[in-house]
Amino acid sequence: MTGQPGHAPTPAGVPRGRGSLGPVGLVLAGGVSVQFGGALAVTLMPRAGALGVVTLRLLVAAIVLMVLCRPKLRGHSRTDWGTVIVFGVAMAAMNGLFYQSVARIPLGPAVTLEVLGPLALSVLASRRAVNLVWAGLALAGVFLLGGGGGFDSLDPLGVVFALAAGAMWAAYIVFSARTGRRFPQADGLALAMAVAAVLFLPLGIVESGTKLLDPTTFALGAAVAVLSSVLPYTLELLALRRLPASTFAILMSLEPALAATAGFLILDQALSTAQAAAIALVIAASMGAVRTQVGRGRVKGATPSAITPARRD
């Protein structure tokens with residue numbers, strides 16, 4: 001999940017063993033925060049609508065990140081601004097499509113389908129025959145998730161939105177990495193978040209209007225922003241100062257399972273045996289693809305950013 005965490009190598013002298021439990025815990029806490037924030041967003045949708053929730057999340061997250069990062073607006077080239085704007089567009093589209101999906105299908109299956117975007121990017125980037133195995137596992141998972149290929153138990157439109165969100169997640173990874181190379185620290189992320197918030201504001205106003213100004217609705221939207229964007233980004237940034245990027249990438253592959261757990265605990269969204277097996281297959285495919293990229297990186301000297309998936313915001 002990039003111009004976000006993924007570029008910081010593990011400092012020399014940091015103990016591995018028991019010392020690694022700290023950063024691993026931070027990454028897992030960030031993942032739990034993201035998925036429980038998503039579950040909270042689903043409960044907020046009857047009050048503000050899917051587009052309204054996305055608007056509140058992006059707006060509050062943009063304000064917080066702009067205040068914390070205070071990015072410089074001068075001294076950037078036209079290419080720099082073009083990159084950060086495309087990054088913001090991808091971020092807005094990814095969030096909008098994903099929230100349209102979870103408004104129609106359970107959180108666990110939605111995240112599982114969305115993860116196929118980064119997984120496909122990883123498989124294509126590696127270009128190794130073994131990735132046919134991971135692609136096959138992922139397709140088997142999709143087949144199971146669809147109840148034998150027909151998606152009888154899931155809203156077809158929700159499935160389409162989740163897959164489209166996955167495609168935007170892949171674009172997000174590409175442009176977040178490019179933004180990270182052009183802007184220091186998290187400046188590019190803050191600016192892209194502001195672009196995404198500005199783009200989505202008219203949509204949120206059209207769908208929800210004055211509902212966005214309701215104090216309770218705004219407070220819940222702010223909580224979604226903190227849980228889904230600000231807090232996990234901060235935790236992962238701290239973790240990656242002591243955690244290898246490859247380990248971070250594998251931990252990120254657990255997001256579908258965390259999403260299913262959040263959906264069950266908060267939204268009472270129980271999974272069938274087939275859906276649970278589907279999620280397990282996609283997680284296994286994602287982990288396998290990451291490990292293949294790690295091995296390729298060791299042979300060719302790839303940087304950590306080349307093998308680390310990005311946290312969506």
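In this text the structure is predicted, and so the values were computed from the model without any measurement. We use all heavy atoms of the structure for the numbers below, so side chains are in, but hydrogens, waters and symmetry mates are not.
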Applying a strict under-4.5 Å side-chain criterion to I, L, V, M, F, W and Y, I'd like to know whether [X] and [Y] cluster together.
| X | Y | result |
| --- | --- | --- |
| Met91 | Leu191 | no |
| Leu154 | Leu157 | yes |
| Val224 | Leu203 | yes |
| Val54 | Ile105 | yes |
| Val174 | Leu189 | yes |

Give a yes or no on whether the backbone of [Y] and the side-chain of [X] come within a donor-acceptor separation of less than 3.5 Å.
| X | Y | value |
| --- | --- | --- |
| Arg57 | Ser228 | yes |
| Gln100 | Phe161 | no |
| Gln275 | Pro109 | no |
| Ser101 | Leu97 | no |
| Gln269 | Leu107 | yes |
| Ser33 | Leu227 | yes |

Do [X] and [Y] have side chains that approach each other closer than 4.5 Å (heavy atoms only, starting at C-beta)?
| X | Y | result |
| --- | --- | --- |
| Leu59 | Leu212 | no |
| Leu51 | Val206 | no |
| Val159 | Leu163 | yes |
| Met45 | Val102 | yes |
| Phe98 | Met168 | no |
| Trp81 | Leu73 | yes |
| Leu40 | Ile266 | no |
| Leu44 | Thr217 | yes |

Between [X] and [Y], which heavy-atom pair has the shortest distance, and what is it?
| X | Y | result |
| --- | --- | --- |
| Tyr99 | Ala41 | CE2-CB, 3.3 Å |
| Met66 | Ala190 | SD-O, 3.7 Å |
| Ala61 | Ala225 | N-CB, 3.9 Å |
| Val195 | Ile85 | CG1-O, 4.0 Å |
| Ala186 | Tyr233 | CB-OH, 2.8 Å |
| Ala285 | Leu137 | CB-CB, 3.8 Å |

Run the side chain to side chain contact (heavy atoms under 4.5 Å, CB included) test on Glu114 and Met94 for me, step by step, so that the C-alpha distance in whole Å, both residues' side-chain angles and the decisive distance to 0.1 Å come before the verdict. CA-CA 9 Å; Glu114 188 194 24; Met94 175 183 63; 4.0 Å; yes
Euclidean distance, [Y] [atom2] relative to [X] [atom1], rounded to 0.5 Å:
| X | Y | atom1 | atom2 | answer |
| --- | --- | --- | --- | --- |
| Ile283 | Thr112 | CD1 | OG1 | 7.0 Å |
| Leu213 | Leu56 | CG | CG | 9.0 Å |
| Met193 | Asn95 | CE | CG | 7.5 Å |
| Thr55 | Ile205 | OG1 | CD1 | 7.5 Å |
| Phe175 | Thr83 | CZ | OG1 | 7.0 Å |
| Leu201 | Leu58 | CG | CG | 10.0 Å |

Phe200: ring pair (Phe, Tyr, Trp, His ring centres under 6.0 Å) partners, not counting sequence neighbours: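 For Phe200, no residue satisfies ring pair (Phe, Tyr, Trp, His ring centres under 6.0 Å) once neighbours in sequence are set aside.
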Check the pair Val64 / Val226 against side chain to side chain contact (heavy atoms under 4.5 Å, CB included), numbers first and verdict last. CA-CA 9 Å; Val64 172; Val226 171; 5.6 Å; no
Residues passing the side chain to side chain donor-acceptor pair (under 3.5 Å) test with Ser208, sequence neighbours excluded, are none
Quick test of your reading: applying salt bridge (Lys or Arg N to Asp or Glu O under 4.0 Å), list the pairs with at least one residue in residues 30-54, sequence neighbours left out, ordered by first then second residue. Arg47-Asp214
I'd like to know whether Phe87 forms a side chain to side chain contact (heavy atoms under 4.5 Å, CB included) with Tyr172, so could you lay out the CA-CA distance, the side-chain angles of the two residues, the decisive distance to 0.1 Å, and finally the verdict. CA-CA 6 Å; Phe87 182 24; Tyr172 171 97; 3.3 Å; yes
I'd like to know if the side chain of Ser77 pairs up with that of Asp80 as donor and acceptor (distance under 3.5 Å, no hydrogens or angles considered). yes
